Amino acid sequence: MSDAAATVRVNGRDEPLEPGTRLDVFLSQLGLDAQRVAVERNREVVPRSQHGEVTLEPGDVLEIVAFVGGG
């Protein structure tokens with residue numbers, strides 16, 4: 001195995017990933033409010049209720065969309 005740091009791709013950018021990190025923890029590390037984002041992992045939507053159950057893997061591809069209020 002390579003000594004390269006583990007990463008996930010988030011909205012087209014590589015982000016470091018500590019092995020065993022759950023999605024909810026990762027979102028918090030990015031400074032995001034899990035209640036105000038939608039997450040797609042490897043082209044599948046992750047229901048908000050499962051954010052604490054999903055463990056990210058190196059090489060995962062995430063698309064994260066933040067909800068913005070307005071009027």
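Bear in mind the structure is a predicted one, so any value in this text is a computation, not a measurement.
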Minimal non-hydrogen separation, V8 against E57, with atom names: CG1-O, 3.5 Å

Determine, using the 4.5 Å side-chain heavy-atom cutoff (strictly less than), whether I64 and V54 are members of one ILVMFWY cluster. yes

Side-chain heavy-atom pair L62, L56 within 4.5 angstrom cut-off: yes

Residues in side chain to side chain contact (heavy atoms under 4.5 Å, CB included) with P16, at least two apart? none

Given the rule in the side-chain contact (heavy atoms from CB on, under 4.5 Å) test, do V39 and H51 qualify, once you have shown the distances and angles that lead to the verdict? CA-CA 9 Å; V39 180; H51 287 184; 4.0 Å; yes

Does N42 reach the side chain of V61, with side-chain heavy atoms less than 4.5 Å apart? yes

Do you know the tightest heavy-atom contact between L17 and P58? CD2-N, 3.7 Å

Rounded to the nearest 0.5 Å, how far apart are CZ of R13 and OG1 of T7? 12.0 Å

Atom CZ in R41, atom CD in E63: separation rounded to 0.5 Å? 14.0 Å

Is a side-chain N or O of R48 found less than 3.5 angstrom from the main chain of V37, in a donor-acceptor match? yes

Same apolar cluster: L32 and V46, side chain cutoff 4.5 Å: yes

Roughly how far apart are E53 CD and R22 CZ, rounded to 0.5 Å? 9.5 Å

